[in-house]
Amino acid sequence: SGAGASTQIKKQEVRSAGMIAFRELTKDDLSFLIEVRNECREMLHDNSAFDLADASNWFDRLHPRFYIIERNSVAVGYFRTSSWDETNRHLYIGCDLHANFRGQGVAQLAYSSFLRFLFDELGMNKVSLEVLEHNIRAQRLYRKLGFTVEGIKRQEVWRYDRYLNSQLMSMLKSEYVAPRVGVERK
């Protein structure tokens with residue numbers, strides 16, 4: 001398939017899998033985005049705090065390809081995507097959930113749905129992510145989903161008066177196995 005428009009979700013089109021759905025981030029979502037991002041920023045590579053003005057400028061300047069995750073029509077988090085490589089069919093992803101929805105299996109369902117969309121609908125060949133060494137819960141989830149550690153970026157981030165390593169993980173389309181439980185096919 002061709003590059004560009006083939007990997008775009010139409011504005012406000014909602015993709016759903018059972019109780020989990022995702023849609024493109026809009027300016028109306030920025031308050032929610034910064035609430036979630038600022039609350040979980042210690043798990044992110046850039047732990048800067050942002051306000052609504054910062055987020056609005058960022059949104060207008062970069063037109064990010066972020067996706068709001070909804071559970072039963074309620075926003076519960078968002079997916080970050082970056083470094084889209086249309087030629088090699090590769091991108092980076094990340095997910096941040098609101099504190100009220102962690103530990104309930106939402107991230108696993110959301111990732112399963114989003115990975116299916118990326119591999120099956122957009123034809124991506126490789127999905128990568130990075131996770132800081134102190135985020136053990138996320139590392140377990142990524143391994144459970146089928147991500148493989150590609151390498152370690154040593155002393156990548158200064159946090160807690162020390163440097164933290166960052167794990168680079170990825171999944172190839174050939175390694176992806178669509179989940180059969182918990183995600184409804186439509």
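- Side-chain contact check for H98 versus E39: every heavy-atom pair is 4.5 Å or farther apart.
- Taking CD from E156 and CD from E130, the interatomic distance works out to 6.0 Å, rounded to the nearest 0.5 Å.
- Y92 belongs to a hydrophobic cluster whose remaining members, ordered by chain and number, are L168; membership requires side-chain heavy atoms of ILVMFWY residues under 4.5 Å apart, directly or through intermediates.
- Ring geometry for Y163 versus W158: interplanar angle over 60°, hence perpendicular rather than tilted (30 to 60°).
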Practice problem: Any chance you could lay out the side-chain contact (heavy atoms from CB on, under 4.5 Å) test for I93 and L118, step after step, and finish with the verdict? | Solution: CA-CA 10 Å; I93 64 172; L118 294 171; 3.9 Å; yes
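- Both L141 and L115 are members of a single hydrophobic cluster when ILVMFWY side chains are connected at heavy-atom separations under 4.5 Å.
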Practice problem: Go through the steps to decide whether Y111 and Y142 satisfy the test ring pair (Phe, Tyr, Trp, His ring centres under 6.0 Å), and finish with yes or no. | Solution: CA-CA 9 Å; Y111 265 106; Y142 301 145; 5.5 Å; yes
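- In terms of heavy atoms, I69 sits closest to C95 at CD1-SG, 3.6 Å.
- Ion pairing of D96 with R41 is absent here, as no side-chain N (NZ or NE/NH1/NH2) approaches a carboxylate O to less than 4.0 Å.
- Ring-plane geometry between F117 and Y67 is classed as perpendicular, the angle between the planes exceeding 60 degrees on a 0 to 90 degree scale with a lower cut at 30.
- The backbone N or O of H90 sits nowhere less than 3.5 Å from a side-chain atom of K126 that would complete a donor-acceptor pair.
- No donor-acceptor pair under 3.5 Å is formed between the side chain of R143 and the backbone N or O of V149.
- Looking at P64 and L25, their side chains come closer than 4.5 Å, going by heavy atoms from C-beta outward.
- Listed for the Q104 side chain is a donor-acceptor partner under 3.5 Å among the backbone atoms of N100.
- Under a 3.5 Å cut-off, the side chain of D54 and the backbone N or O of D51 do form a donor-acceptor pair.
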Donor-acceptor pairs are to be reported for all side-chain atoms of residues 131-138 against protein atoms at under 3.5 Å, with residues two or more places apart or in another chain.
| from | atom 1 | to | atom 2 | distance (Å) |
| --- | --- | --- | --- | --- |
| E133 | OE2 | N165 | N | 2.6 |
| H134 | NE2 | E42 | O | 3.0 |
| N135 | OD1 | A138 | N | 3.3 |

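- With hydrogens and angles ignored, the 3.5 Å screen pairs no side-chain donor or acceptor of Q108 with any backbone N or O of G105.
- For the pair R116 (side chain) and E121 (backbone), a donor-acceptor distance under 3.5 Å is absent.
- Using a distance-only test at 3.5 Å, with no hydrogens or angles considered, no donor-acceptor pair links the side chain of R102 to the main chain of A107.
- Using modelled atom types, no side-chain atom of D60 and backbone atom of N57 make a donor-acceptor pair closer than 3.5 Å.
- Here the shortest heavy-atom pairing between L30 and F59 reads CD1-CB, 4.0 Å.
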